[in-house]
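Reckoned from all heavy atoms, side chains included, excluding hydrogens, waters and symmetry mates. Naming convention: chains lettered A, B, ... in sequence-line order (proteins, then strands); numbering from 1 in each chain.
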There are 2 protein chains.
Amino acid sequence: MRRDIFQAIADPTRRAIIALIALQAMTPNAIADNFNFTRQAVSKHLRILKECDLIKQQTKGREIYYTLQIEKMKEIDEWLHQYRKIWESRFSQLDDLLLTIKNKEK
Amino acid sequence: MRRDIFQAIADPTRRAIIALIALQAMTPNAIADNFNFTRQAVSKHLRILKECDLIKQQTKGREIYYTLQIEKMKEIDEWLHQYRKIWESRFSQLDDLLLTIKNKEK
DNA sequence: AGTTTGCGAAACCGATTAGTTGCACTTATA
DNA sequence: TATAAGTGCAACTAATCGGTTTCGCAAACT
C-alpha cells in the first residue's frame with residue numbers, strides 16, 4: 001500500500017516511536033518496552049513508518065535497529081511552509097498596525 | 001469526541017479543504033464544488049476541522065463561511081521544531097566537515 | 001544438536017473512518 | 001404564503017485501523 005507521511009504521524013503511538021528513535025537507534029523489543037502494547041503491535045507501526053521512508057533499518061545479527069530518517073520530516077516542514085508564510089505576513093501586518101498607532105500618538 | 005490536529009490533517013481531502021479556505025472564506029457548497037464528493041461529505045470534514053479549532057465559521061444569512069484558523073497550524077510547527085533542530089545540527093556538522101576538508105587542502 | 005531469543009507475517013476482531021442517502025430546519029425569493 | 005436554496009444531522013455501509021494471538025524462521029546460546 002502506498003503510505004502517506006501525514007497518515008503516518010497521525011497516530012500518537014507512532015509519534016512517540018519517532019521521538020524515541022530520534023535520539024538513538026532502537027530494536028523493536030526495546031521500543032516495545034516503552035509501551036503497553038505487544039512487540040508485534042510496535043512491529044506493525046514500524047512497518048508503516050518504513051513504508052513511507054520515515055525510518056530505516058539496520059540488521060545486526062538477529063537484532064534489527066531502526067533509525068529515524070530525519071530528512072523525511074522536512075516534507076512536513078515544506079507543506080507547512082505555505083501556511084507559515086501566511087501567519088508571518090499577518091504578524092507583520094499587526095506590526096504595521098502597531099506602528100501606525102504609535103505614529104498617531106506622536 | 002476530542003480531536004487531534006494530526007489526525008485532522010491526515011486526510012488528503014481535509015488538507016485540500018485547508019488549502020482552499022486559507023486563501024478566502026468559503027461556504028460548504030463552494031468547497032464541495034471542488035471535489036467529487038457530496039456536500040454532506042465535505043460538511044463532515046468541516047466538522048472535524050472545527051472540532052480541533054483549525055477552522056471557524058461565520059454565519060451570513062443562510063450561508064456559513066468557513067475560515068482557516070492559521071494560528072492553530074503553529075501547533076504542528078511547534079511539534080516539528082524538535083526535529084528541525086536535529087536536521088539543522090546535522091547540516092551544520094556537514095558544514096564543519098566541508099570546512100575541515102577545505103582547510104586541509106590549503 | 002537442542003533451546004532460547006528476536007523478529008516479521010498472517011489471521012482474526014472490534015472500533016473508527018469516510019463516504020453515501022434521506023431528512024429537518026432556517027433563510028431567501030416568487 | 002408557497003417554494004427554493006443552504007445547511008447540519010442521523011442512519012447506514014464498505015473499507016481501514018490498531019490491537020491481539022499464533023506461527024515460522026534465522027541467529028545465538030548451552
Inset, instruction - Kindly indicate whether the side chain of B:Lys44 and the base of C:dG19 share any N or O donor-acceptor pair separated by less than 3.5 Å? - result: yes

Inset, instruction - Check the distance between C:dC7's P and A:Asp33's CG and give it to me in whole angstrom. - result: 10 Å

Inset, instruction - Locate the shortest heavy-atom distance separating B:Ile5 from B:Lys72; write the atom from each residue and the value. - result: CD1-O, 3.4 Å

Inset, instruction - Map A:Tyr65 and B:Thr13 onto DNA chain C by nearest heavy atom, then report which one ends up closer to the 5' terminus. - result: A:Tyr65

Inset, instruction - Could you tell me whether the phosphate oxygens of D:dT7, OP1 or OP2, come under 4.0 Å of any side-chain nitrogen or oxygen in B:Ser43? - result: no

Inset, instruction - Indicate the atoms forming the closest heavy-atom contact of B:Pro28 with B:Tyr66, along with that distance. - result: CG-CE1, 3.6 Å

Inset, instruction - Report the residue (B:Pro28 or A:Ala10) whose heavy-atom-nearest nucleotide on DNA chain D is the more 5′ of the two. - result: B:Pro28

Inset, instruction - May I have the distance from B:Asp11 (atom CG) to C:dT16 (atom P), rounded to whole angstrom? - result: 18 Å

Legend entry - Short side-chain N/O contact to C:dT5 OP1/OP2 from A:Asn29, under 4.0 Å: no

Inset, instruction - Determine whether B:Phe35 and A:Phe6 fall in the same hydrophobic cluster, where Ile, Leu, Val, Met, Phe, Trp and Tyr are linked whenever their side-chain heavy atoms lie under 4.5 Å apart. - result: yes

Inset, instruction - Return no unless some side-chain N or O of A:Gln40 is found under 4.0 Å from OP1 or OP2 of D:dT22. - result: no

Inset, instruction - Any chance you could measure A:Trp87, atom CH2, to B:Asp77, atom CG, to the nearest 0.5 Å? - result: 4.0 Å

Legend entry - Path from A:Ile55 to A:Ile48 over hydrophobic side-chain contacts below 4.5 Å: no

Inset, instruction - Verify the contact: side-chain N or O of B:Arg47 to OP1 or OP2 of C:dG19, cut-off strictly under 4.0 Å; return yes or no. - result: no

Legend entry - Spacing of A:Gln57 atom CD relative to C:dA9 atom C1', expressed in whole Å: 14 Å

Inset, instruction - Establish, with yes or no, whether the OP1 or OP2 oxygen of C:dG6 is under 4.0 angstrom from a side-chain nitrogen or oxygen of A:Thr27. - result: no

Legend entry - Spacing between B:Glu51 atom CD and D:dC9 atom P, to the nearest angstrom: 9 Å

Inset, instruction - Name the closest nucleotide to the B:Ile64 side chain, picking from C:dC7, D:dC9, D:dT7. - result: D:dT7

Legend entry - Listed nucleotide nearest any side-chain atom of B:Ala41, set C:dG19, D:dT7, D:dG18: C:dG19

Inset, instruction - Report the distance from atom NZ of B:Lys50 to atom C1' of D:dG8, rounded to the nearest whole Å. - result: 9 Å

Legend entry - Donor-acceptor pair under 3.5 Å, B:Arg62 side chain vs D:dT7 base: no

Inset, instruction - Examine D:dC17: is either OP1 or OP2 under 4.0 Å from a nitrogen or oxygen in the side chain of A:Gln7? Give yes or no. - result: yes

Legend entry - Between D:dT16 (C1') and A:Phe6 (CZ): distance, integer Å: 20 Å

Legend entry - Distance, rounded to the nearest Å, where A:Tyr66 contributes OH and C:dG6 contributes C1': 11 Å

Inset, instruction - Rounded off to whole Å, could you give me the CD1-to-P distance for the B:Ile31 and C:dG19 pair? - result: 14 Å

Legend entry - Among D:dT7, C:dG19, D:dT21, the nucleotide that comes nearest once only the side chain of A:Thr38 is considered: D:dT21

Legend entry - Straight-line distance of B:Met26 CE to B:Ile17 CD1, nearest 0.5 Å: 9.5 Å

Legend entry - A:Arg14 (side chain) and D:dG18 (base): donor-acceptor pair under 3.5 Å: no

Legend entry - B:His45 side chain near C:dT17 phosphate (N/O to OP1/OP2, under 4.0 Å): no

